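Take a look at the structure set out below.
Bear in mind the structure is a predicted one, so any value in this text is a computation, not a measurement.
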Amino acid sequence: MEYNFSEIETKWQGYWAARKTFAAQSNTIKPKYYVLDMFPYPSGAGLHVGHPLGYIASDIVSRYKRLQGFNVLHPMGYDAFGLPAEQYAIQTGQHPEVTTKDNIARYREQLDKIGFAYDWDREVRTSDPAYYKWTQWIFMQLFKCYYNTKTNKAEYIDGLIAEFATNGTANVNAACSEMMSFTAEEWNAKSAKEQQEILMNYRLAYQSFTMVNWCEALGTVLANDEVVNGVSERGGYPVERKPMRQWSLRITAYADRLLEGLERIDWSDALKEQQRNWIGRSEGAMVSFKLKDNEGAIEVFTTRPDTIFGVSFMVIAPEHELVAKITTPEQKEAVEAYVNIAKNRSERERMTEVKRVSGEFTGAYVEHPFTGAPIPVWIGDYVLAGYGTGAVMAVPAGDERDYAFAKHFNLPIPAILEGIDISEAANPTKDAKMINSDFLNGLTGYEAIKKAIEEIEKRGIGKGKVNFRLRDAGYSRQRYWGEPFPVVYDKEGTPHLLDENDLPVELPKVDSYKPSGSGESPLANAKDWVTNVEGFTRETDTMPGYAGSSWYFLRYMDPKNDTAFVGKDAVEYWRSVDLYLGGSEHAVGHLLYSRMWNKFLFDLGLVVEDEPFKKLINQGMIQGMSPYIDYYPEHDTFISVFADEEKKQLTGKSERVLTHLVWYGPLGLDSLDIEAFVNFYPQYKNSKFIKNSDDNRFDPTLVVEKMSKSRYNVVNPDVIIGQYGADTLRMYEMFLGPLEQSKPWNTNGISGVHNFLRKYWRLTHNEAGFNLSEDPATKEELKALHKTIKKIQDDIERFSFNTAVSSFMICVNELADLKCNKRAIIEPLTALLSPFAPHIAEEVWNKLGHTESVIEASFPMYNAEYTVSDAFAYPIQFNGKMKFNLEIPLGIDKEEIEKLVMADDKVQKQLAGAAPKKVIIVPGKIVNIVA
RNA sequence: GCCUAGGUGGUGGAACUGGUAGACACGCAGGACUUAAAAUCCUGUAUCCGUUGAGGAUGUACGGGUUCGACUCCCGUCCUGGGUACCA
């Protein structure tokens, strides 16, 4: 009887769906386990083979936890707002809601075919008004709150307002955009509008001016992804950076808690380190340099106040607010020209091209705060406006970039460290003793930092400060396909929240999804909607992609609740995500935002855990092979990648042409169909094509890249399922390599995995049908089984699914050799296999006579008796240090063990001819040789 | 540039804590069964030299180092993936 996977898989998928087998229980005394996948963005290309990698792994864990007796929550949903659907809408006029629904339907169909144990009754979609009602509601709470740094948590701003009215800012310690200071009288004298403006300085969701990529020609703000080499990707129009009034979230208020929380969660060190570096806490000092010949001062933040006597110039960012004010008339032209060039370069470019030194002298000077010496002020684009104060005190002796700048512009490089050569490069060491540094002379850098801060504070020219690299998160988008803000403006332009009863604020219908052209979002085109709140106009920006995804893990706990984003009972039972699986591309974006949202909701007492994701695994990305063909324009010739001899004849630069007209075999890419190619691209009608000399084929160059529709490298799981079945796909994706590693998709080994499943099937099936023996198992058979149980359990616990699949293969090979079809072995093996290949396991389980699903089984018990090997591996230690293992047969006495050990080459080599002082043998445990 | 991860046979990978490098699988070669094919099973398979019941040398991106012993630890270099704040 053949293994008919398609029949088996259809049958059991239908059974699971009809019985709601995987629904999480709500009234149970079982312990809970919440295992979550990062939900997908439903793209038009459909699900590709990369998506299931993490989903299969989490599915294995969820089924494994069920076998262990947990009440498992394993949900799935869709991150349904986003740019691609909107761009598609602009091109085709189709409402993004329609395309999104279609895409979701396709995803669902594909997901169902893989046999995931999802509780589909809990599905969420971020673009569903019933969902985004609560995204808007959480935004309202963020708007209504500020961060009290005394109690170290978010609180409602009414408390702050009352404090302002009675004591002013005197006793206020709150996270804010800029330090403010006023008395109660001053506060009370302000107009309502002025008061609202001041409160923006404190709110956790607030408005301010931030930079956007503005494309005049397209009349729209562009995402960084839409800007390539400084021009728009579409059309190649110039892009400038310009300030716009935008919403932001004050995530910086949570910087310390986001850092501290990392200590308490089970994430990889690499990921934690990335978050730490992103937050970028650094201790240092703010120092104020007085302007010469002008009012005011320039503030700098430095982590190295010890090097202050090495300052020979100052560099400020081209966007710095003082540039226009301090530039002297003689330098005006040059500075303006420089600012114009610099301001349109992206921060990325400015950081990448760090070796290309550029800058301009402003003509202005500041005074050194200790020596009073004049310090020239330059502008340079290596200083970023967004970090610190947008100004640095340049210490060329100690900082590489300052050094390069000084060398390039011939500025002095004062020596401040004893015995350190600075003729070739800067040296940032803190170990050397300070020289030429007045009161710091003779101290090391470490000592000098403290002393310098003391002195700076004493003289009132600055103070010690902790600075963060983390910036507040931009929260406005001038887009259609996102959550509308529950905000309206009065006639004075002051924003007000709508009433909670007005939620959800649904997206209005618009005629065009194109931007309005004035920089406003497409919502501004819906004139009736904008003005349909009496006396007010609506906010027309929408929320960013991360809004809905920052809290979706909470909604799964209680997805149908329409009186709260999550009910109290639900959140108290499910608490937080026990295991979160997703790609490392979300290391700092989504994973930081959702931690912040969760902490905020925790502060308001609405969730019970401060950290949302207890354990996190990053699965690697499955890459695609994009087919490019090599073209030599000088010869008007295309050449196959393997035609090496002919390639030598070709001169000039070659180009790579991306093409989808590669013959696509059932499982992947093959050679180019030249005829189809020239039909599709008539411009190459007369081009020459050089094929391989040996097999007369034309092969493309395959480039490993992220799988995406636009690169023609998406491989669909449906094809694999059709040919081999879902169980093979599941096991093969796990077999492909370590979960956390990225790897290009290939189907080279898939037949091996499929053969394994057939072998497992053949253990209990012959031509006639199901064939099971009720005889008791032999010791050898039990050994094969129990070795596997132990291995599989260990492997699941450490997420090593590829080695688990190998262990299954070894086990089945051994059982096949033993011709074992005994219930005593097959039954536990089937339960063991069910998380990996659930359909075939369910089928066999059913044939074994069980009426309940295999998920009602329990994980097989491992029995150590059957896994002891015939020989024991003795760890051999020298002087107590573990050195190596030696196989010693069982059942021999101490003396014989010693003889065997001493006769071993490695032991002899170790002793190098000398006799050991002592040989300690602990029977069955250890051999310790004291040399 | 910066942050982060990785680089092992023809291929995917294994080696979990410094202790026989290459488990398992693909591919390939040879064989059994078969009229034949498919399926299945058996044997071999890191490289080089030698051998055909003979062993030796080399070998985990590259160059150094620590250690009796290094894929594993340290220093440096090269290459690749991911992120870099409005893709998701």
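The cationic group of A:Arg241 does not satisfy the cation-pi geometry with A:Trp214, failing either the under 6.0 Å distance to the six-membered ring centre or the 45° limit from the ring axis.
Residue A:Gln274 has its side chain nearest to B:rG82 when only B:rA25, B:rA15, B:rG82 are considered. Distances from the side chain of A:Asn802 to the nucleotides B:rC86, B:rG13, B:rC87 place B:rG13 closest. Considering only side-chain atoms of A:Asp79, the nucleotide from B:rA15, B:rA88, B:rG12 that sits closest is B:rA88. Here the nucleotide nearest the side chain of A:Ser806, chosen from B:rA23, B:rG12, B:rC41, is B:rA23. Here the nucleotide nearest the side chain of A:Leu736, chosen from B:rC41, B:rG12, B:rG82, is B:rG12. If you check B:rG82, B:rC86, B:rG83 against the side chain of A:Val212, the one that comes closest is B:rC86.
At the heavy-atom level, A:His586 lies under 4.0 Å from base atoms of the strands shown. Across all strands, A:Gln741 comes closer than 4.0 Å only to sugar-phosphate atoms, never to a base (heavy-atom distances). Residue A:Asp794 is classed as having no contact, given no heavy-atom separation below 4.0 Å to the nucleic acid. Here A:Glu585 lies in heavy-atom contact (under 4.0 Å) with a base. Note on A:Leu271: nothing from the nucleic acid sits closer than 4.0 angstrom, heavy atoms only. A:Gln246 comes within 4.0 angstrom of a nucleotide base, judged by non-hydrogen atoms across all strands. Using a 4.0 Å heavy-atom distance criterion, A:Ser800 is classed as making no nucleic acid contact. Across all strands shown, A:Lys272 has no heavy atoms under 4.0 Å from either base or sugar-phosphate atoms. Across all strands shown, A:Asn813 has heavy atoms under 4.0 Å from sugar-phosphate atoms exclusively, and none from any base. A:Arg276 comes within 4.0 angstrom of no nucleic acid atom, judged by non-hydrogen atoms across all strands.
Under the 4.5 Å side-chain criterion, counting only non-hydrogen atoms from C-beta, A:Leu249 is not in contact with A:Asp472.
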Let me have RNA chain B in dot-bracket notation, would you? Count Watson-Crick plus G-U wobble pairs, both distances under 3.5 Å, and use [ ] for pairs crossing earlier ones and | for inter-strand partners.
(((((((..(((......[....)))((((((.......))))))((((.....))))..(((((..]....))))))))))))....
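Nucleotide B:rG9 carries a syn base; the chi torsion (O4'-C1'-N9-C4 or O4'-C1'-N1-C2) is within 90° of 0.
Rounded to whole Å, the separation between the C1' atoms of B:rA54 and B:rA61 comes to 34 Å.
Here the rule is side chain to side chain contact (heavy atoms under 4.5 Å, CB included) with A:Tyr760, and of A:Leu815, A:Leu833, A:Asn755, A:Asp727 only A:Leu833 fits it.
Donor-acceptor pairing under 3.5 Å is lacking for the side chains of A:Gln619 and A:Glu733.
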